[in-house]
Each structure stands twice: as structure tokens, then as C-alpha cells.
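Take a look at the structure set out below.
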Amino acid sequence: MVSLKDLFRKSKSMENVQKKAEKNIPEKKEEKKKGKAVRERRYSFLVEEVFETSHSQGIMVLGTIHGKIREGDTMYLYRQEQPVREVHVLTIERGPRDVVQMARNVKVGLCLDLESTEEISRFSVLSSVKPVEGELANRLIENPRLFGLMMEYRRLYTNSVYMDALLYELCQAKFVVPLYMDRPPLPRPDGTFAFSEDAHIGFRPLKKADDSTQTVFPAFTDEIALASWKGAYHEGQPRRLATMMLPHLIGYVEKGHAGLVINPFGPEPVYFPKELLEQVEQSNVFQMKYQPKQQTDSEKG
């Protein structure tokens, strides 16, 4: 049987499966400017090394910042199966004793206001995205740790610890998927909505980059990533979003698609071929999340 790690290696060749399409999509200057403003202070950082430092207080972490970060920024620390924690950037270093006040899209060391290396571990994610809680969590989809892990996929996909972390977040995440409909739903007297019998509803797939006879199913970690797909809706179509978790996405892939691509238009697409998804379904983390063991009568006591 092909191992999960081997299948992830195979998927490496498809990680940019939709990037070419993005270059051919026209954008208005106003849209570009607006998009840039939205993303400017949205940043992510995957922790790759953690250590104490003798020349300053706090704990130093190394990694690559994606986006713009400033000294004094508040960040949110995302760790597996632990509560989100607020931390602050004490200093930013571009190299040994090379302290800067701002950095963008480069490898850096961040000194954080933590007291011990036990408070943060490798492959934790630091993000500007504040955790979504309560009722808002059902409407606003964010996946800061999955997003941060995905940003380093091309470099770290052969690392088994990294892949375990990515698989775990993949199984926990909720995804945004654009819902296609050729006409809006009709209001009912009771305040609900219904679709007319001749309405067409579904999800728009994408062509597989290396084989135009096949399609892949797209999903997005958040609405900002989805906004990069300028062709998600035809002009005049109602704009609707569906929220899906991994079993739903796999179900749609099994309806005739070659695989699943997350954030196909960037900033870092990751492609999961169908055979890899089949292996993911057999993993312990997926089984524990979606197919919990049924208690026996003796266990129920």
C-alpha cells in the first residue's frame, strides 16, 4: 500500500495546479488597490525553531513572515489542541543582532513576550487573524493555523512532523466554497427561502492544469483567499457561499473530480489527489474526528 507520506510527495508536482489561470484573469486597478489594502496587515508566520536568547528578554522564534509585521504588534498563537493565546512582538531580527522595526515576506527571528520555550512549539502558527468565537464562528470562516502551515508546504512537505500537523488541521477545518445558482431563491411566507424547480444549483470545478479533460474541486481557507478567484461567479449570478468540512469535500471529489485543491489562486495552493484523500480517510485523526468509536454496553456502564 502506498504510504501517506509518499502520496504527499506525489502531490508536490501539482501544488501550483491553478496558478497559471490566475495570470489570465483581468483585474481592475481599483480592485488591486483595495485587495492590497486588505492584505497589507494580514500576516502569518510558521514557527520553525524556538530558543531562548541571552541578549534580550522573551523567547525567540525563527521562520518566514508572510505579510508585513511591525515591532510591538499583537499576534495570536495557534497550537494544536490548545487554546489560542495573545502574544506581542518585542523585537524583529533579520540576522544576528540585525534588529529592524518592520519586516515583510522574509525570514526573520521574532522575540516574543513569553517566559519559556515550553509555551510555544515547532509548527505553531503566529497570525494577525484574531480567533473567531461564538455565533460569528458559524458565519466567518478562518483557518489561521492551516493557512500558516500551507504557506510552507513546498519546503516542508517531506517532513513527517509537519505533515502530521497539516493533516490534523485539514481534518479540523471548515472551508468556504462558492455556491453556483442561476437564479436567487424565492421567499416563502414563513420567512424561509425555496428554489424553483428549474433552478440550477451546484459548485463550479476547475480544469486540472496538466490535463484539461479532468477537473479538480476548489475550496478556500477564508473569504480573502476566495476573493482571488475573479471568475467564481458569472456576471449577474447571485453570490452565495457554502461551508464545508473535509468529508463533504471528499464526497464531491468522488463525484468525478481528480482531486481537491485548496486556495487554488493563492497565495499558496495545495493539491490533494483523489488517492491521497482516500488515505487521509483511513488516518487515525480523520477516524477520530468523523467516525468516533461507538461505546459498548459495558463502557456505557
Side-chain angles (χ1 to χ4, degrees), residues 2 4 7-8 10-11 13-19 21-22 138-143 146-147 149-150 153 166-185 193-195 197-234 237-266 268-283 285-291:
V2 180
L4 185 63
L7 284 170
F8 268 108
K10 289 181 180 180
S11 70
S13 63
M14 287 297 297
E15 64 185 3
N16 292 317
V17 65
Q18 298 301 331
K19 272 192 173 181
E22 184 180 15
N138 296 323
R139 296 183 284 109
L140 181 61
I141 304 303
E142 295 281 6
N143 294 282
L146 177 60
F147 182 91
L149 286 161
M150 285 175 54
Y153 178 76
L166 181 66
L167 174 60
Y168 178 85
E169 292 301 325
L170 183 70
C171 290
Q172 311 306 314
K174 293 180 180 179
F175 296 91
V176 179
V177 181
L179 177 62
Y180 164 84
M181 57 182 72
D182 61 352
R183 62 197 67 188
F193 292 86
F195 295 98
E197 293 183 359
D198 58 345
H200 297 286
I201 306 167
F203 302 96
R204 178 169 292 126
L206 295 169
K207 295 290 186 181
K208 192 177 178 185
D210 62 345
D211 185 353
S212 61
T213 65
Q214 297 188 51
T215 58
V216 294
F217 192 84
F220 301 82
T221 56
D222 52 74
E223 292 188 38
I224 289 182
L226 171 59
S228 297
W229 187 6
K230 303 306 177 184
Y233 302 96
H234 290 314
Q237 284 183 347
R239 294 174 178 263
R240 298 287 189 275
L241 297 176
T243 300
M244 295 187 186
M245 298 188 75
L246 188 58
H248 306 123
L249 298 175
I250 292 175
Y252 279 99
V253 169
E254 291 175 347
K255 293 182 179 181
H257 303 297
L260 167 69
V261 59
I262 301 177
N263 293 352
F265 298 97
E268 190 63 37
V270 176
Y271 176 69
F272 299 90
K274 184 183 294 185
E275 62 268 25
L276 171 57
L277 294 175
E278 292 172 353
Q279 293 291 314
V280 170
E281 285 186 286
Q282 301 304 315
S283 68
V285 64
F286 186 95
Q287 295 286 328
M288 291 179 65
K289 175 70 176 179
Y290 297 110
Q291 298 177 17

**Asked** Which of parallel (below 30°), tilted (30 to 60°) and perpendicular (above 60°) describes F217 and F203?
**Response** perpendicular
Sub-3.5 Å donor-acceptor pair from the side chain of [X] to the main-chain atoms of [Y], do we have one?
X    : Y    : result
Q287 : E281 : yes
Y153 : Y271 : no
N143 : K174 : yes

When the side chains of residues 246-260 are checked against the rest of the protein, which donor-acceptor pairs come out under 3.5 Å, sequence neighbours left out?
residue: H248; atom: ND1; partner: M245; partner atom: N; Å: 3.0
residue: H257; atom: ND1; partner: T215; partner atom: OG1; Å: 2.6

**Message:** Once side chain to side chain donor-acceptor pair (under 3.5 Å) is applied, do any residues pair with N263, and if so which ones, sequence neighbours excluded?
**Reply:**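 N263 satisfies side chain to side chain donor-acceptor pair (under 3.5 Å) with T221 once adjacent residues are dropped.
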Considering all heavy atoms, the nearest [X]-[Y] contact:
X    : Y    : answer
P178 : F220 : CD-CE1, 3.9 Å
L179 : Y233 : O-CE2, 3.6 Å
P269 : P264 : CG-O, 3.6 Å

**Request:** Could you check if a side-chain atom of F272 sits within less than 4.5 angstrom of a side-chain atom of V280, using non-hydrogen atoms only?
**Result:** no
**Prompt:** Can you tell me how far CD1 of I141 sits from CG of L241, rounded to the nearest 0.5 angstrom?
**Reply:** 9.5 Å
**Request:** Would you give the length of the straight line joining atom OH of Y168 to atom CG of L146, rounded to the nearest 0.5 angstrom?
**Result:**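 Going from OH on Y168 over to CG on L146, the span is 12.5 Å.
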**Message:** Using the ring pair (Phe, Tyr, Trp, His ring centres under 6.0 Å) criterion, which residues pair with Y290? Sequence neighbours excluded.
**Reply:** F286
